[in-house]
Structures are given as C-alpha cells and as structure tokens.
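Input: a single structure, listed below in structure tokens.
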Amino acid sequence: MSISTLRIVWLYPDLLSTYGDRGNLLVLAHRARARGIDVEPMQVRSDQHIPHGADIYLIGGGEDGPQAVAAERLLDDGALARAAESGKPILAICAGYQLLGESFYANGRCYAGLGILDLRSDRGESRAVGEVAGEGSPVLGIGPITGFENHGGRTHLGEAVQPLAHVSAGIGNDGATEGAWAGHVVGTYMHGPALARNPRLADLLLSWAVGIDPATLPPVDDTWPERLRSERFAALTPE
Ligand code: GLN
C-alpha cells in the first residue's frame with residue numbers, strides 16, 4: 001500500500017462532537033492498524049490551523065450555535081476546501097454535513113456554507129429524531145446503511161452530488177434520500193457513530209486515502225459491527 005502512516009484529522013472537537021462522532025476516528029484508526037497501516041490521529045480545535053496534506057478529514061455534528069461558529073472558522077481557514085479539491089477523503093456528520101453545502105440555517109438565520117458539496121439545507125417542520133436506515137449507493141458499494149439522526153435541518157441535493165442512500169426508515173435529507181457524496185467527500189446525517197455501524201463506508205474512506213480498490217483491503221473481524229447492525233435493523237422491524 002502506498003501509505004505507511006495515515007494522518008486522520010478530527011476537526012473541531014471543541015465545537016462539533018455530538019453523539020460520539022469521534023468514534024469515527026477510532027473506527028478508522030482501528031481498521032487501518034488492522035491492515036498494518038500506522039495511524040497518526042490529529043485533533044484540531046477551532047482556534048488552530050487545519051493541517052494541509054493529511055490523509056482523511058473528519059467533522060462531526062453539533063448544535064446550531066457551534067455549527068455557525070465552525071462554518072465561519074472553516075471558511076476563514078480554507079484548508080478543508082483545498083483538501084476536498086485535492087481529492088482527500090472527507091467524512092462530515094449532520095451539522096458538519098450541512099456546513100459543507102452552499103448554505104444552512106441555524107438559530108433562524110441562513111449562513112454561508114463552504115460550498116464543497118452542491119446542496120442546501122433549510123429547516124423541517126419538526127426535528128428528525130431516531131433511527132435512520134436505507135439502501136446505500138450501489139456505486140459506492142456500501143450496502144444497507146444504519147444510523148441515529150437528530151436534526152432540525154432538511155437538505156436538498158443539487159446536480160453535482162449523489163445521495164449516499166435511499167431512506168427506508170427515518171428522514172435523512174428529506175424523507176427520501178440520506179446524505180450525499182461527490183468525489184471523495186461524504187456527508188451524512190448518521191450518528192451512531194456512522195463508521196461503527198457502517199464498516200463498509202469506513203473501508204471505502206480508507207481505500208480512497210490509500211489509493212486502492214476497497215475489495216483488495218484485507219478482511220478484518222467484523223463480528224461485533226455485524227452484531228450491532230443486525231440489532232439496529234431488527235429494531236426497525238415490527239414484531
Ligand atoms: N444543528 C443542526 C440541525 O439541527 C445539526 C444537528 C446535529 O448535528 N445533530 O439540523
């Protein structure tokens with residue numbers, strides 16, 4: 001593999017880190033190390049510069065206030081947009097997902113997003129809270145997706161992005177689709193954390209970072225993630 005040390009940036013833990021989204025960093029680190037790849041996790045607070053040249057960038061969910069502050073600081077910093085342009089994998093959750101778009105609403109106001117993903121978020125009539133599940137994009141080959149959602153925003157996709165999944169339970173973007181992706185940038189409403197519940201998505205991000213076909217990643221023991229997935233899918237099926 002072309003990478004010996006994988007540098008994973010976990011952005012703005014001081015602002016955006018709800019529902020255990022930092023678990024995405026732990027899952028990626030675990031799955032990389034299990035394949036013999038050294039990992040250098042880097043937590044970058046909102047008063048620090050975002051390093052250039054890392055291999056994967058992660059950003060989590062958060063409440064409206066911290067979300068608006070995070071968007072402002074990310075716009076000022078500029079490194080995340082440059083990382084996206086240079087093809088670095090980015091995984092953004094909920095508030096982090098919304099702020100990668102063109103615009104989003106927080107505390108009743110419309111804010112400019114980073115414009116990395118062609119989408120816009122406004123507000124729904126009620127909060128979407130609970131399990132979200134669906135069929136993942138066949139192009140990405142991530143299988144059925146499962147997560148937990150809690151958001152007031154609704155997201156409308158433009159033509160330059162694809163949905164991450166079609167929703168069979170919960171709301172996701174708008175009750176029909178969930179999340180979005182373009183190039184190596186993935187946004188989703190799924191907490192859970194998303195990568196603990198969706199190991200194929202974790203491996204996809206790793207394969208992008210390393211520059212290989214995900215099918216060629218050596219298998220890892222997924223007994224526990226599969227048990228978790230079965231439990232969460234079963235919880236959606238009426239007895
Ligand atoms: N503040 C955003 C909303 O409510 C995102 C919430 C979240 O990240 N869980 O839509």
Side-chain angles (χ1 to χ4, degrees), residues 9-28 43-46 50 57-75 80 84 90-134 145-158 161 163-165 167 169-181 185-198 201 205 232:
V9 170
W10 171 240
L11 284 170
Y12 294 0
D14 52 327
L15 294 175
L16 299 176
S17 192
T18 46
Y19 302 117
D21 289 334
R22 183 174 168 275
N24 293 327
L25 172 66
L26 304 181
V27 170
L28 280 175
Q43 302 212 26
V44 177
R45 290 191 319 271
S46 61
I50 300 172
Y57 293 81
L58 305 173
I59 184 160
E63 286 142 12
D64 283 15
Q67 177 178 358
V69 175
E72 212 167 284
R73 296 197 182 163
L74 288 166
L75 277 167
L80 194 61
I90 298 175
L91 175 69
I93 312 296
C94 202
Y97 166 43
Q98 291 177 3
L99 64 75
L100 291 195
E102 301 294 337
S103 61
F104 65 91
Y105 274 80
N107 292 326
R109 239 192 81 188
C110 185
Y111 288 86
L114 276 70
I116 292 175
L117 290 174
D118 177 21
L119 51 88
R120 288 183 163 67
S121 299
D122 54 17
R123 300 304 274 198
E125 281 173 11
S126 58
R127 283 192 84 76
V129 184
E131 292 291 306
V132 58
I145 55 108
T146 162
F148 168 77
E149 62 181 341
N150 183 354
H151 53 100
R154 296 294 184 275
T155 297
H156 310 283
L157 307 187
V161 294
L164 183 65
V167 164
I171 303 295
N173 293 326
D174 56 2
T177 65
E178 150 48 26
W181 67 280
V185 181
V186 175
T188 174
Y189 275 110
M190 295 188 292
H191 301 282
L195 298 186
R197 288 193 184 204
N198 300 281
L201 179 56
L205 294 166
R232 298 326 303 158

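What's counted below: heavy atoms across the whole structure, side chains too, no hydrogens, waters or symmetry copies. Just so you know, ligand 1 is whichever comes first in the structure, and atom 1 is the first atom listed for that ligand. Sequential numbering from 1 along the given sequence is applied to the chain's residues.
Residue contacts with ligand 1, taken as heavy atom pairs separated by less than 4.0 Å, involve N150 solely via the backbone atoms N, CA, C and O. Here Q67 has side-chain heavy atoms under 4.0 Å from ligand 1, and that is the only part of it that gets that close.
With values rounded to the nearest 0.5 angstrom, F104 atom CZ is found 15.5 Å from H151 atom NE2. Going from atom CZ of R123 over to atom SG of C110 covers 11.0 Å, rounded to the nearest 0.5 Å. Taken to the nearest 0.5 Å, the CG atom of L75 stands 12.5 Å off from the CZ atom of R73.
For CZ of F148, the number of neighbouring non-hydrogen atoms (other residues, nucleotides, ligands) closer than 6.0 Å is greater than 12.
Here atom 6 (C) of ligand 1 lies nearest to G62 when heavy atoms of A106, A128, A95, G62 are compared.
From the protein, the heavy atom lying nearest to atom 1 (N) of ligand 1 is D64 OD1, 2.6 Å.
A heavy-atom distance below 4.5 Å is not found between the side chains of E102 and L119.
Each of the atoms 3 (C), 4 (O), 10 (O) of ligand 1 lies under 4.0 Å from some heavy atom of G152. Residue-ligand proximity, R127 to ligand 1, at heavy-atom distances under 4.0 Å covers atoms 4 (O). Those atoms of ligand 1 that come under 4.0 Å of a heavy atom in G61, given as number and element, are 8 (O). Annotation for ligand 1: atoms under 4.0 Å from non-hydrogen atoms of C94 are 5 (C), 6 (C), 7 (C), 8 (O), 9 (N).
The shortest separation from a heavy atom of H191 to ligand 1 is under 4.0 Å, placing the residue in contact.
For a threshold of 3.5 Å applied to N or O pairs, the pair formed by E63 and ligand 1 contains no separation below that value.
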